[in-house]
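Because the structure is predicted, anything quoted here is derived from the model rather than measured.
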Amino acid sequence: MKKVTTIVVAVLLLTACGTQNESDKVNIQKQTIQLDNDQMTPEALWAMSRIGGYQASPDGQHIVYQTGYYSVEENKSHQVLWMMNADGTEQKQLTEDADNETDAQWLDNETIAFLRGGEIWKMKLDGGQRKQISQTEGKVEGFQFSPDGSKVIVLKSIDFNEIIQKNPDDLPKATGRLVTDLMYRHWDHYVESIQHPFVYEVSGDAGISGDGIDLLEGEPYECPMEPFGGMEQLAWSPDGQSIAYTCRKKTGLAYSISTDADIYIYNIGTRETKNLCKPADYAEPEIEPTKTMKYQKVNAKENLANNVGYDQNPKFSPDGKQIAWLSMERNGYEADRQRLCVCDLTTGEKTYVTESFDSNVDDFCWAPDGKTLYFIGVWHATENLYRTNLKGEVKPVCIEWADFGSLQMLNDKSLLAEQHSFLAPADLYVVTPGDSIKDTKAMQITQVNKDILDQLGKPSVDQRWVKTSDGQQMLYWIIQPPHFDPNKKYPTLLFCEGGPQSPVSQFWSYRWNFFIMASQGYVIIAPNRRGLPGFGQAWLEEISGDWTGQCMKDYLAAIDDAAQNLPYVDKDKLGAVGASFGGFSVYYLAGHHDKRFKCFIAHDGAFNLEAMYTETEENWFSNWEYDDAYWNKNRTANADKTYKNSPHLFVDKWDTPILCIHGEKDYRINATQGMSAFNAARMKGIEAELLIFPDENHWVLKPQNGILWQRTFFNWLDKWLK
């Protein structure tokens with residue numbers, strides 16, 4: 001349930017808003033909007049353009065990037081490609097018709113490959129000389145050309161009947177599904193197909209055709225990994241002879257309780273595969289389905305050597321002698337510290353080069369010298385840019401009140417990166433690292449929403465540290481309305497973060513958007529409570545097995561401090577809002593807030609933890625976070641505390657109006673959780689509303705649903721706090 005990167009979200013938005021059929025194509029272009037005043041509205045938020053993927057040409061002279069345009073009227077999106085010089089000048093839209101064009105990749109300094117209608121196309125810098133170069137009947141879902149352009153990896157879906165049995169041929173209209181194991185559905189869909197990477201030869205004018213070579217031929221495993229994995233989980237060696245890929249080679253129950261994904265090297269010439277994470281004679285220990293590695297008899301040193309946690313997103317060094325990837329130490333713990341591992345391909349020796357950075361590495365790239373790696377990671381509530389050498393000496397490159405979402409090398413000296421903040425959606429920047437932070441230069445090269453942002457009054461942002469109930473120091477963000485008057489009193493919202501281990505950094509969201517909340521006249525208090533990354537692993541790990549302990553006290557410490565010490569916070573008009581774990585937090589606080597709050601909003605929150613334990617599809621999550629299954633009589637003390645403090649057991653203490661929101665295609669936290677909470681509130685006689693989306697998952701992705709979400713959200717808050 002952790003936050004995913006901006007680029008992944010863009011891909012998911014494309015999927016939600018429009019895998020295009022010929023009959024429903026609409027040539028949606030950049031939305032123009034003229035506001036009546038300088039207040040951000042839901043309509044203004046959804047009129048904004050959204051930058052997705054981007055890539056610099058091999059010579060660093062040009063940049064191609066993807067932008068999504070959204071139409072509320074059509075309830076659709078349109079993904080288009082743009083070209084510009086590396087300094088941001090001479091920007092030109094390359095996509096002219098209603099087809100989505102995505103996944104741009106340079107074939108050489110003059111030619112771009114891209115995805116259109118499920119096929120690979122190519123075109124020149126100016127968008128001309130377009131030609132389709134694959135013939136797969138629209139089956140291409142992702143691609144990556146080899147460095148010399150002679151081969152290409154193509155992602156395609158294949159039928160998967162390991163978990164859900166195929167229905168008999170004589171019952172073609174039967175809609176039932178016979179399920180024989182776990183992981184029969186994932187995120188928002190039933191698992192009846194999986195992606196495999198195929199390698200094709202590229203034959204001049206003939207392009208790409210035939211069946212290709214399946215890297216996982218005969219293997220019932222997905223690559224990339226669902227639900228968010230993409231082409232970043234595969235990489236070509238510089239000589240084009242090998243492919244590194246990410247895979248968790250498990251199915252069913254074994255898959256559902258394990259995060260043990262590995263990095264594999266596939267040799268194209270020999271068609272042999274080697275696991276870089278484990279020796280050939282590795283024997284996987286048997287794991288009890290309801291026990292995590294916290295309680296298994298495990299050897300920590302051996303686990304570290306065998307990379308038993310998440311390993312993903314490999315990238316070869318420029319000379320091809322080393323490979324780096326993101327690595328977690330422990331199996332079953334999706335929020336373990338994500339470190340940067342460098343492996344010598346000759347010796348197999350692995351070195352972890354970010355051990356001195358006590359937080360996650362979220363994206364990285366090699367510098368051209370092969371001795372430096374740049375990475376982004378969260379520290380003290382911002383996702384900023386760092387570098388490390390192969391000795392593990394980490395230094396900050398750029399520290400500011402903003403988040404970097406992804407990065408890559410532009411040329412020998414500069415980086416190309418996406419950046420956003422509470423006050424601005426994603427744009428592209430060129431960052432030239434200096435010897436120190438003060439010597440680093442960052443230049444914004446896109447302003448895709450300048451026309452809208454220039455019409456808006458800007459909120460203001462501040463930080464404050466507060467002492468928690470156990471004597472620790474906690475940072476919380478304060479977001480104040482535009483035209484802020486410190487002599488006025490403002491209704492105030494406590495923001496409860498999800499994850500539960502997602503950072504409250506300078507994120508930009510099209511639902512949980514602090515800009516629009518402040519523009520509607522609310523002060524927002526956003527605490528970096530126990531369980532959030534960026535304050536050391538010890539701080540983060542205090543939440544697992546203790547969802548209703550110190551983290552809940554941290555929420556109250558933040559809102560109490562704000563009510564007592566910020567004179568503009570109206571302590572008689574406080575609300576609490578949140579999604580996912582934040583929704584769970586709201587349900588719990590509803591029974592424990594001692595009349596602090598006048599209303600609540602919970603989106604996709606867990607309400608009944610016993611039910612959630614077996615309802616969620618990724619069972620490793622509830623295993624680790626709850627500590628144990630509810631039916632085990634000898635369950636741990638933390639598990640016992642978890643179940644005994646489930647929000648549904650405290651409805652008798654609910655006394656405050658609550659809005660429950662849920663998507664019926666949310667298979668992470670099932671919609672029955674939100675329905676149960678709403679039903680309980682109404683049967684208790686509490687004012688309540690339920691906003692249910694039959695066609696949305698853990699998020700809300702369709703434009704009109706997004707507008708409905710925002711309007712319902714603010715109507716509820718205004719009713720009780722204004």
Side-chain angles (χ1 to χ4, degrees), residues 468-470 492-500 525 527 529-531 542-543 545-560 562-563 571-613 615 622 625-627 630 637-662 669-691 716-717 719-721:
T468 61
S469 63
D470 61 344
T492 299
L493 306 177
L494 172 67
F495 172 74
C496 302
E497 177 61 294
I525 303 299
R529 47 124 178 107
R530 225 60 55 101
E542 281 192 51
I543 198 168
D546 191 24
W547 278 18
T548 58
Q550 190 58 49
C551 68
M552 294 297 165
K553 297 175 184 176
D554 290 350
Y555 283 137
L556 297 179
I559 196 65
D560 287 349
K571 64 182 180 180
D572 295 321
K573 294 182 179 179
L574 303 180
V577 301
S580 196
F581 179 84
F584 162 85
S585 302
V586 167
Y587 288 143
Y588 181 79
L589 290 173
H592 297 82
H593 69 112
D594 295 326
K595 299 188 182 300
R596 286 176 173 84
F597 300 105
K598 293 298 185 290
C599 74
F600 295 106
I601 299 178
H603 179 141
D604 288 353
F607 173 66
N608 181 331
L609 296 186
E610 284 194 5
M612 165 110 179
Y613 180 81
E615 283 180 352
S622 46
E625 293 301 319
Y626 301 174
D627 264 5
Y630 63 84
N638 276 341
D640 197 55
K641 176 184 176 182
T642 294
Y643 294 118
K644 288 181 177 177
N645 283 281
S646 177
H648 80 286
L649 298 177
F650 298 92
V651 173
D652 62 311
K653 296 181 172 61
W654 284 20
D655 57 9
T656 303
I658 187 166
L659 167 63
C660 306
I661 307 173
H662 224 107
I669 300 178
N670 282 218
T672 50
Q673 297 278 322
M675 294 174 182
S676 295
F678 168 74
N679 293 354
R682 292 302 299 128
M683 293 176 75
K684 180 76 167 44
I686 293 169
E687 290 271 8
E689 290 180 357
L690 173 67
L691 178 58
W716 185 257
L717 293 178
K719 179 178 180 179
W720 301 106
L721 300 183

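- To the nearest 0.5 Å, atoms NZ (K653) and NE2 (H592) are separated by 6.5 Å.
- To the nearest 0.5 Å, the span separating CE on M552 from OH on Y588 amounts to 7.0 Å.
- Under the side chain to side chain contact (heavy atoms under 4.5 Å, CB included) rule, T548 has a single partner from K553, K644, K641, which is K641.
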Check step by step if side-chain contact (heavy atoms from CB on, under 4.5 Å) holds for L721 and L493. CA-CA 10 Å; L721 300 183; L493 306 177; 3.7 Å; yes
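- With hydrogens and angles disregarded, no donor-acceptor distance shorter than 3.5 Å links the side chain of H648 to the backbone of E610.
- Proximity of a side-chain donor or acceptor of S469 to a complementary backbone N or O of D554 within less than 3.5 Å is not detected.
- Contact annotation: the side chain of N608 approaches that of Q673 to within less than 4.5 Å [non-hydrogen atoms, C-beta and beyond].
- When all heavy atoms of A688 and W716 are compared, the pair lying nearest together is CA-CH2, 3.9 Å.
- Ring geometry for F581 against F584 counts as tilted: the plane angle lies between 30° and 60°, on a 0 to 90° scale.
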Should F650 and Y587 be marked as a side-chain contact (heavy atoms from CB on, under 4.5 Å) after you check the CA-CA gap, both sets of side-chain angles, and the distance that decides it? CA-CA 9 Å; F650 298 92; Y587 288 143; over 6 Å; no
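- Atom CD1 of I669 and atom OG of S580 lie 4.0 Å apart (nearest 0.5 Å).
- I658 approaches A681 most closely through the heavy-atom pair CG2-CB, 3.9 Å.
- Of all the heavy atoms in W654 and P647, the pair that sits closest is NE1-O, 4.4 Å.
- Relative orientation of the Y643 and Y630 rings is perpendicular, given thresholds of 30° and 60° on the angle between their planes.
- Between the side chains of T468 and D470, a donor-acceptor pair is found at a separation under 3.5 Å.
- In plain terms, the two heavy atoms of I543 and P500 that are nearest each other are CD1-CB, 3.7 Å.
- With a 6.0 Å radius and a threshold of 12 heavy atoms from other residues, nucleotides or ligands, K719 has its NZ atom above the threshold.
- With contacts defined as side-chain heavy-atom distances shorter than 4.5 Å, the pair V586/F597 does not qualify.
- Side-chain contact check for L717 versus C599: some heavy-atom pair is nearer than 4.5 Å.
- Counting heavy atoms from C-beta on, the side chains of I686 and V651 never come closer than 4.5 Å.
- With contacts defined as side-chain heavy-atom distances shorter than 4.5 Å, the pair L589/L494 qualifies.
- Annotation for L659 and L691: closest pair CD1-N, 4.4 Å, computed over non-hydrogen atoms.
- Note on R596 versus D560: salt bridge recorded, some NZ/NE/NH1/NH2 to OD/OE distance being below 4.0 Å.
- With no hydrogens or angles considered, no side-chain donor-acceptor pair links S585 and R529 at under 3.5 Å.
- Atoms CZ and CD, from R530 and Q550 in turn, are 4.0 Å apart once rounded to the nearest 0.5 Å.
- For the atom pair E615 CD and L609 CG, the distance stands at 10.5 Å (nearest 0.5 Å).
- Contact annotation: the side chain of L574 approaches that of I559 to within less than 4.5 Å [non-hydrogen atoms, C-beta and beyond].
- Separation of atoms CG (N679) and CG (L690) is listed at 7.5 Å; rounding is to 0.5 Å.
- By the 4.5 Å heavy-atom criterion applied to side chains, F678 and H662 are not counted as neighbours.
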Let's go through F600 and H593 carefully: what are the C-alpha distance in whole Å and the side-chain angles of both, what is the deciding distance for ring pair (Phe, Tyr, Trp, His ring centres under 6.0 Å) to 0.1 Å, and is it a yes or a no? CA-CA 11 Å; F600 295 106; H593 69 112; 5.1 Å; yes
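- In terms of heavy-atom proximity, Y626 sits nearest to M612 at OH-CG, 3.0 Å.
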